[in-house]
S.K.: 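First the structure, which I've put down as structure tokens, then a few questions once you've had a look.
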Amino acid sequence: MSIRVIIVDDQAMVRAGFAALLSAQADIDVAGEAPDGREGVRLSRTVHPDVVLMDVRMPELDGLSAARELLDPPPGVTHRPKVLMLTTFDIDDYVYEALRAGASGFLLKDAPPADLIAAVRVVASGEALLAPSVTRRLIADFVRQRPAPRKDPALRLNGLTPRETEVLELIARGLSNQEIAAHLVLAEQTVKTHVGRVLGKLDLRDRAQAVVFAYEAGLVRPGDSA
């Protein structure tokens, strides 16, 4: 089955360029475009895309607010697409907040075409975090500027086993499942099982939210390295 995508951006040239690039892929179907967040939400609820490419800064309704509406829909709305945020800046408070809201990751608008195509496929497959190290840097810089960890996440860590806590820490440090498996000398399938349990116990949507959670819980701090 093709991956259904909609593109939400207030710049017509950006929408046209992304649409042309993605439509040329045999496994991707561009189901529509929208010039602002409000229209993007309406379009998403009409065509039910798998992935929404969402610009951060737009008129009418910004990308953050639109992402929140899509990822936390009102009663009666069951469709929740994966949301990939598009931004001109690699350090952007809105992107951080979007990750907290449940967006699957972010991509710079000037990223190479191959990166955009790969991002759509990765997010659609459920991997959710396009570039762990980049997303980690974004969150680390934000936390460094505004150090205000909440108590609730730290308390929720108590529900994890020591191994699950270790896996969460490595996710937050930017390691892939394969790298975590090598680091802990485990089978990759075992790591996948641990990751699934971590997400389930903490009620997290995906790895992007897990990275945010780990920083807010104080499990990792800006400047830490694997």
Side-chain angles (χ1 to χ4, degrees), residues 50-52 54 64 67-75 77-85 93-106 122-144 146-184 186-226:
D50 301 301
V51 178
V52 176
M54 181 79 74
L64 173 59
R68 283 175 172 156
E69 288 195 22
L70 291 176
L71 296 168
D72 187 20
V77 177
T78 58
H79 178 255
R80 291 205 311 172
K82 302 293 177 61
V83 176
L84 184 62
M85 304 302 297
D93 292 2
Y94 283 99
V95 178
Y96 174 84
E97 292 299 335
L99 291 173
R100 286 186 60 187
S104 294
F106 79 100
V122 168
V123 168
S125 73
E127 287 298 315
L129 196 55
L130 172 63
S133 61
V134 177
T135 302
R136 182 186 64 156
R137 178 169 59 83
L138 168 78
I139 296 169
D141 284 354
F142 186 93
V143 172
R144 185 180 293 111
R146 301 184 184 183
R150 301 180 303 180
K151 293 181 179 180
D152 178 59
L155 293 175
R156 288 163 65 192
L157 281 174
N158 294 334
L160 301 182
T161 66
R163 177 63 86 189
E164 289 165 352
T165 301
E166 195 171 15
V167 168
L168 174 59
E169 180 180 350
L170 294 174
I171 290 173
R173 294 183 191 280
L175 275 65
S176 66
N177 284 353
Q178 185 176 16
E179 291 168 335
I180 293 173
H183 187 85
L184 298 179
L186 296 172
E188 188 171 348
Q189 185 57 50
T190 301
V191 172
K192 290 181 180 178
T193 299
H194 284 311
V195 171
R197 287 175 179 166
V198 167
L199 297 180
K201 287 184 177 181
L202 298 178
D203 193 26
L204 301 174
R205 181 177 171 89
D206 52 38
R207 294 172 76 102
Q209 282 198 317
V211 175
V212 174
F213 180 94
Y215 274 95
E216 293 192 333
L219 184 62
V220 289
R221 293 178 298 276
D224 286 353
S225 59

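The figures that follow rest on heavy atoms only: side chains count, while hydrogens, waters and symmetry mates do not.
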S.K.: Between CD of Glu169 and CD1 of Ile180, what distance do you get to the nearest 0.5 Å?
M.R.: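 Going from CD on Glu169 over to CD1 on Ile180, the span is 10.5 Å.
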
S.K.: Compare all side-chain heavy atoms of Val167 with those of Leu184 and state whether any distance is below 4.5 angstrom.
M.R.: yes

S.K.: Which pair of heavy atoms, one from Leu157 and one from Thr165, lies closest together, and at what distance?
M.R.: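 Closest approach of Leu157 to Thr165: O-OG1, 4.4 Å.
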
S.K.: I want to check something: taking the side chain as every heavy atom from C-beta on, are Val212 and Leu204 in contact at a cut-off of under 4.5 Å?
M.R.: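 Heavy-atom side-chain distance check fails, nothing below 4.5 Å.
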
S.K.: Rounded to the nearest 0.5 Å, what separation is found between the CG atom of Asp203 and the CZ atom of Phe213?
M.R.: 10.5 Å

S.K.: Under 4.5 Å between any side-chain heavy atoms of Leu168 and Leu202, yes or no?
M.R.: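 Answer yes - side chains close enough.
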
S.K.: Output the distance between atom CG (Leu160) and atom CZ (Arg197), rounded to the nearest 0.5 Å.
M.R.: 12.0 Å

S.K.: Tell me the closest heavy-atom pair linking Ala172 and Val211, and the distance in Å.
M.R.: CA-CG2, 4.1 Å

S.K.: Less than 4.5 Å apart, side chain to side chain, heavy atoms only: is that true for Lys201 and Thr161?
M.R.: yes

S.K.: Can you list the residues that meet the salt bridge (charged side-chain N to carboxylate O under 4.0 Å, His left out) rule with Glu188, with sequence neighbours excluded?
M.R.: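 Result, salt bridge (charged side-chain N to carboxylate O under 4.0 Å, His left out) vs Glu188: none returned.
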
S.K.: Report the distance from atom CG of Leu170 to atom NE2 of His183, rounding to the nearest 0.5 Å.
M.R.: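 One gets 5.0 Å once the value is rounded to the nearest 0.5 Å.
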
S.K.: Have a look at Asn177 and tell me which of Val195, Leu186, Thr190 forms a side chain to side chain contact (heavy atoms under 4.5 Å, CB included) with it.
M.R.: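 Going through Val195, Leu186, Thr190 one by one, the side chain to side chain contact (heavy atoms under 4.5 Å, CB included) with Asn177 is satisfied by Val195 alone.
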
S.K.: For the NE2 atom of His79 and the CG atom of Asp50, what is their distance to the nearest 0.5 Å?
M.R.: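 Going from the NE2 atom of His79 to the CG atom of Asp50 covers 6.5 Å.
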
S.K.: Grab the two heavy atoms, one from Met54 and one from Val83, that are nearest each other, plus how far apart they are.
M.R.: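 Looking at all heavy atoms of both residues, the closest pair is CB-CG1, 3.9 Å.
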
S.K.: Which one of Val77, Leu71, Leu70 satisfies the side chain to side chain contact (heavy atoms under 4.5 Å, CB included) criterion with Pro73?
M.R.: Val77

